[in-house]
Amino acid sequence: MIDQILDAREMRSFQVKKSLEKSPLVLLIKANIPGNNKNIWVAKYLVLLFKKLLEHICQTTDSQFYQSDDGPYVIIHLPSDDTYAIKHCLIHIEETHPLGRFIDLDLFDTPNRSISRRDINTPIRKCMLCEKPAIECMRNHNHHPYEIIQYIEKHVINYLKREIKKQMDFAIISELELEDKFGLVTKSSSGSHPDMNYSLMIQAKDSILDDLVEVFTLGLNAEQLDDLFLKAREIGIRAEQHMLAATQGVNCYKGLITILGFACLSSAYALKNQLNFSDIFDNIKILSKDLVNEINQQGQSFGIKAYQKYQFQGIRGELSRGLPTIKSILESYKHLSLEDPMTLRKALRDIILLSEDTVFLKRSQSLDTYQHIKSEM
């Protein structure tokens, strides 16, 4: 294993040298992971997170991700030769970003050594556990690798929980504040929902976010997909109860709890197991495999009646197929600005046209009216 790690380090040095033939400066991003196994999930997450951040700051897309026996890393070509200004910027990121202590941002202008903090008269980095100089703790083996990895994972998970909550909040608000939305509630209108308004929807949103974060955490901690849905469903039921308590019984976001719940569960599992983005949709297929069976049973819900009469599977069918409508929409609109109301409204229209919506069918009162409205849209 040691030989493989040394070989990987030689290859990484070679990649830096080759990159310097094309650019005056090269940035190497790698995670601060101790021990022989540096290919744990937090390492890949950290490297890709800072890759995206640095690509944005440096305004360059000339970067490459590598997987190696010494852990994942990214090489970014920098067109500027303002060495010390860039190094100061990198140190600022390492010192101020919530996860900056767990990443190395090494800057090279020559192949053999990176520009150090001492080169620009900046204090050396401190140990993440005890605040002593990091190099001292590393040389003296002051901390067990397991202890350090546990510390890193704890902070990464807490960061992810905060970020996923912010992203969900942003997504719900973005949809809620989109105007001219085919009868849905907006900031200025109750649409076709006389029992709802903007303020009530905000209360409903705030009541379910922590439960959805708990679903995300469940996916992060899961070793396998089996039985994960049953555990998440308990949290989902609790989220519905919290929503109904906050809205005095008005169902504002039951469908959203279901879809975001599956998205959170599957995304977290994919992240932890270093899967690809497309695997999120495949995971959802596995997680929801028993949902369609529910509408084959006897019952009085409109969803069951719609299936028996029209073979409508609704959201259960959409989930059991891995959210194909959402996957198609993401592909169609990936080059368009999600901050543009026109883009969002078109995406919403396409979702309505491509999917089977039992609530829409119920409000239409007949299949003919439902199909007529879709053709008009």
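Formation of a donor-acceptor pair under 3.5 Å by the S189 side chain with backbone atoms of G191 is found in this model. With hydrogens and angles ignored, the 3.5 Å screen pairs a side-chain donor or acceptor of N197 with a backbone N or O of L200. The backbone N or O of E131 sits nowhere less than 3.5 Å from a side-chain atom of K126 that would complete a donor-acceptor pair. Using modelled atom types, no side-chain atom of E153 and backbone atom of V42 make a donor-acceptor pair closer than 3.5 Å. In terms of modelled atom types and a separation under 3.5 Å, the side chain of Q313 and the main chain of S320 share no donor-acceptor contact. Judged by distance alone, with hydrogens and angles left aside, the side-chain atoms of N276 form no donor-acceptor pair with the main-chain N or O of S278 at under 3.5 Å. With hydrogens and angles disregarded, no donor-acceptor distance shorter than 3.5 Å links the side chain of T247 to the backbone of A204. Formation of a donor-acceptor pair under 3.5 Å by the S328 side chain with backbone atoms of P324 is not found in this model.
Salt-bridge check for K231 with E234: failed, with every basic side-chain N at 4.0 Å or more from each acidic carboxylate O. The pair K87-D109 fails the salt-bridge criterion, with no side-chain N (NZ, NE, NH1 or NH2) lying under 4.0 Å from an Asp/Glu carboxylate O. The residues D119 and R113 are annotated as salt-bridged, a charged nitrogen and a carboxylate oxygen being separated by less than 4.0 angstrom. Under 4.0 Å is where a charged nitrogen must lie from a carboxylate oxygen, and between E55 and K51 at least one such pair does.
The hydrophobic clustering, which links ILVMFWY residues whose side-chain heavy atoms are closer than 4.5 Å, places V156 and M128 together. No single ILVMFWY cluster, assembled from side-chain heavy atoms under 4.5 Å apart, contains both I257 and I237. Residues L336 and L354 share a single hydrophobic cluster, defined by chaining ILVMFWY side chains whose heavy atoms lie under 4.5 Å apart. Under the 4.5 Å side-chain heavy-atom criterion for grouping Ile, Leu, Val, Met, Phe, Trp and Tyr, I326 is connected to L319 within one hydrophobic cluster. With hydrophobic clusters built from ILVMFWY side chains whose heavy atoms lie under 4.5 angstrom apart, L160 shares a cluster with L212.
When each of D106, D104, D7, D70 is tested with R12 by the rule salt bridge (charged side-chain N to carboxylate O under 4.0 Å, His left out), just one qualifies, namely D70. Exactly one of I86, I76, V16 qualifies for a side-chain contact (heavy atoms from CB on, under 4.5 Å) with L27. That residue is I76. If you run salt bridge (charged side-chain N to carboxylate O under 4.0 Å, His left out) between E95 and each of R117, R125, R101, only R117 comes through.
Counting heavy atoms of neighbouring residues, nucleotides and ligands inside a 6.0 Å radius, atom CE of M342 does not exceed 12 of them. In F14, the CZ atom is not crowded: 12 or fewer heavy atoms of neighbouring residues, nucleotides or ligands sit closer than 6.0 Å. For K374, the NZ atom is densely surrounded, since the number of other residues' heavy atoms within 6.0 Å is greater than 12. The local environment of CD in E223 is sparse, with at most 12 non-hydrogen atoms from other residues, nucleotides or ligands closer than 6.0 Å. By the 6.0 Å contact criterion, NZ on K346 is open, its count of non-hydrogen atoms from other residues, nucleotides or ligands being 12 or less. In the displayed structure, E339 atom CD is contacted under 6.0 Å by at most 12 heavy atoms of other residues, nucleotides or ligands. No more than 12 heavy atoms of other residues, nucleotides or ligands lie within 6.0 Å of NE2 in H92, so this atom counts as exposed by the packing criterion.
With values rounded to the nearest 0.5 angstrom, C252 atom SG is found 7.5 Å from D195 atom CG. To the nearest 0.5 Å, atoms OG1 (T358) and CZ (F312) are separated by 8.5 Å. Between the OG1 atom in T186 and the NZ atom in K181 there is a gap of 6.0 Å [rounded to 0.5 Å]. If you take CD1 on I75 and CG on D62, they are separated by 10.5 Å, rounding to the nearest 0.5 Å. With rounding to the nearest 0.5 angstrom, the CD atom of E175 is 7.0 Å from the CG atom of L178. Here CD1 of I29 is found 8.0 Å from OG of S63. Values are rounded to the nearest 0.5 Å.
Residues N283 and S266 come closest through the heavy atom pair CB-OG, 2.9 Å. Between V47 and P72, the shortest heavy-atom contact is CG2-O, 3.6 Å. For the residue pair L291 and R316, the shortest heavy atom distance occurs at O-CD, 3.3 Å. Considering every non-hydrogen atom in both D69 and I5, the closest pair reads O-CG1, 3.7 Å. The heavy-atom pair separating N142 from E136 by the smallest distance is ND2-O, 4.2 Å. Considering all non-hydrogen atoms of both residues, K205 and D169 come closest at NZ-OD1, 2.5 Å.
Aromatic ring centres of Y151 and H143 lie farther apart than the 6.0 Å criterion allows. In this structure, F102 has its ring center at least 6.0 angstrom away from the ring center of Y159.
Within the 4.5 Å cutoff, the side chain of I115 has no heavy atoms near those of the T110 side chain. Between I286 and Y269, every side-chain heavy-atom pair lies at or beyond the 4.5 Å cut-off. F50 has its side chain within reach of H97: a pair of non-hydrogen atoms, C-beta onward, lies under 4.5 Å apart. Side-chain atoms of M11 and S68, non-hydrogen and from C-beta on, never get closer than 4.5 Å to each other. At least one side-chain heavy atom of L107 sits less than 4.5 Å from a side-chain heavy atom of L78. Between V26 and K17 the shortest side-chain heavy-atom distance does not fall below 4.5 Å. Using a 4.5 Å heavy-atom threshold, the side chains of F229 and S288 count as separate. The side-chain heavy atoms of L176 and I202, taken from C-beta on, include a pair separated by under 4.5 Å.
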_What verdict does the side chain to side chain contact (heavy atoms under 4.5 Å, CB included) test give for L260 and I172, after you've listed the backbone C-alpha separation in whole Å, the side-chain angles of each residue and the deciding distance to 0.1 Å?_
CA-CA 10 Å; L260 260 185; I172 296 171; 4.3 Å; yes
*asked:* Applying ring pair (Phe, Tyr, Trp, His ring centres under 6.0 Å) to F360 and F182, what does each step give before you reach the verdict?
replied: CA-CA 11 Å; F360 183 10; F182 318 112; 9.5 Å; no
*Step by step, would you call L129 with C137 a side chain to side chain contact (heavy atoms under 4.5 Å, CB included)?*
CA-CA 9 Å; L129 294 184; C137 286; over 6 Å; no
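Judged purely by distance below 3.5 Å, without hydrogens or angles, the side chains of S366 and T369 pair a donor atom with an acceptor atom. At a cut-off of 3.5 Å, with distance as the only test, no side-chain donor of S355 or E318 sits close to an acceptor on the other residue. Under the 3.5 Å distance criterion, with hydrogens and angles disregarded, a donor-acceptor pair is assigned to the side chains of D340 and T343.
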